[in-house]
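Written below as structure tokens is the structure these notes are about.
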Amino acid sequence: MPVFSRPGSADALMSFESRYANYIGGEWVAPAEGRYFENPTPVTGQVFCEIPRSSEADVEKALDAAHAAAPAWGKTAPAERANILNKIADRIEANLESIALAESWDNGKPIRETLNADIPLAVDHFRYFAGVLRAQEGSLSQIDEDTVAYHFHEPLGVVGQIIPWNFPILMAVWK
């Protein structure tokens with residue numbers, strides 16, 4: 001298990017798993033083909049951890065799980081969805097330094113940026129979208145004398161994204 005500390009600091013050491021699995025359907029799942037990548041940290045060049053070398057089968061499994069969860073999420077009241085997003089923000093905020101450190105070791109970005117920009121902005125985005133959910137309401141519009149349109153907001157469903165190296169957590173939060 002790799003152990004790291006904040007570069008140039010006397011902060012407590014932080015340990016990470018030596019190997020991670022895919023998180024699919026609320027569970028950690030080994031890649032279908034059992035293959036992993038070595039993930040070296042740009043900070044030292046040594047292997048930080050191993051990550052799944054996922055295949056089409058893993059992507060399909062993740063899509064199936066996401067599609068299965070989408071209807072229930074879409075039927076969840078906006079206030080409850082907002083509460084969930086705020087709880088995510090609370091959890092990130094409570095672990096801000098350790099998440100920022102992991103982000104720095106993973107992608108080589110200076111800790112000052114992950115600690116003061118990337119991770120706090122992720123928290124801010126979760127809180128922003130929680131507020132948007134609470135503020136959105138359906139509306140009626142009269143199109144003409146005989147036509148009334150009802151507008152309502154609903155989750156679109158499953159999205160996919162290829163995450164760049166420089167803002168992995170923040171870019172995921174935007175989706």
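Both backbone and side-chain heavy atoms feed into the values below; hydrogens, waters and symmetry mates do not.
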Does Asn95 offer a backbone N or O that forms a donor-acceptor pair with the side chain of Ser98 under 3.5 Å?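 Such a contact is found between Ser98 side chain and Asn95 backbone.
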Taking Trp105's backbone N and O only, do any of them form a donor-acceptor pair with Thr41's side chain (distance below 3.5 Å, no angle check)?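 Yes.
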Check [X] against [Y] and note the closest heavy-atom contact, atom names and distance.
X: Ser55; Y: Asp58; value: N-OD2, 2.8 Å
X: Tyr20; Y: Tyr36; value: O-CE2, 3.3 Å
X: Ile84; Y: Trp73; value: CD1-CZ3, 3.6 Å
X: Pro168; Y: Ile163; value: CA-CG2, 3.2 Å
X: Pro52; Y: Ala21; value: CG-C, 3.5 Å
X: Pro120; Y: Leu115; value: CG-O, 3.2 Å

Please examine the side chains of Gln136 and Val132, heavy atoms only from C-beta on, and report whether any two atoms are closer than 4.5 Å.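 When only atoms from C-beta onward are counted, Gln136 and Val132 do touch, with a gap below 4.5 Å.
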Partner of Asp106 by side chain to side chain contact (heavy atoms under 4.5 Å, CB included), out of Val43, Thr114, Asn39: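 It is Asn39; the other options fail the test.
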Using side chain to side chain contact (heavy atoms under 4.5 Å, CB included) as the criterion, list what pairs up with Pro42, not counting sequence neighbours.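 So Pro42 forms no side chain to side chain contact (heavy atoms under 4.5 Å, CB included) with any residue.
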Which residues pass the side chain to side chain contact (heavy atoms under 4.5 Å, CB included) test with Ile92, not counting sequence neighbours?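 By the side chain to side chain contact (heavy atoms under 4.5 Å, CB included) rule, Ile92 matches Ile88, Ile99, Ile119, Val123, Phe126.
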Around atom CD of Glu80, are there more than 12 heavy atoms from other residues, nucleotides or ligands closer than 6.0 Å?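 Yes, the 6.0 Å shell around CD holds more than 12 heavy atoms from other groups.
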Kindly check if the number of other-residue, nucleotide or ligand heavy atoms within 6.0 Å of CD (Glu56) is above 12?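 Counting neighbours around CD of Glu56, 12 or fewer heavy atoms of other residues, nucleotides or ligands fall under 6.0 Å, so no.
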When rounded to the nearest 0.5 angstrom, what distance separates [atom1] in [X] from [atom2] in [Y]?
X: Tyr150; Y: Ser139; atom1: OH; atom2: OG; answer: 8.0 Å
X: Thr76; Y: Leu133; atom1: OG1; atom2: CG; answer: 10.5 Å
X: Glu113; Y: Asn107; atom1: CD; atom2: CG; answer: 9.5 Å
X: Ile169; Y: Leu121; atom1: CD1; atom2: CG; answer: 12.0 Å

For residues 24-35, run the donor-acceptor check on the side chains, cut-off 3.5 Å, and write out each pair with its distance to 0.1 Å, sequence neighbours left out.
| unit_1 | atom_1 | unit_2 | atom_2 | d |
| --- | --- | --- | --- | --- |
| Glu33 | OE1 | Arg35 | NE | 3.3 |
| Glu33 | OE1 | Arg35 | NH2 | 3.2 |

Is there a side-chain contact (heavy atoms from CB on, under 4.5 Å) between Glu97 and Ile111? Walk through the geometry before answering. CA-CA 9 Å; Glu97 188 161 316; Ile111 188 72; 6.0 Å; no
Among all residues two or more places apart in sequence or in another chain, which pass the salt bridge (charged side-chain N to carboxylate O under 4.0 Å, His left out) test with [X]?
X: Lys109; result: Asp118
X: Glu50; result: Arg19
X: Glu93; result: Arg127

Which label fits His125 and Trp174: parallel for a plane angle under 30°, tilted from 30 to 60°, or perpendicular past 60°?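 Plane angle between 30° and 60°, so tilted.
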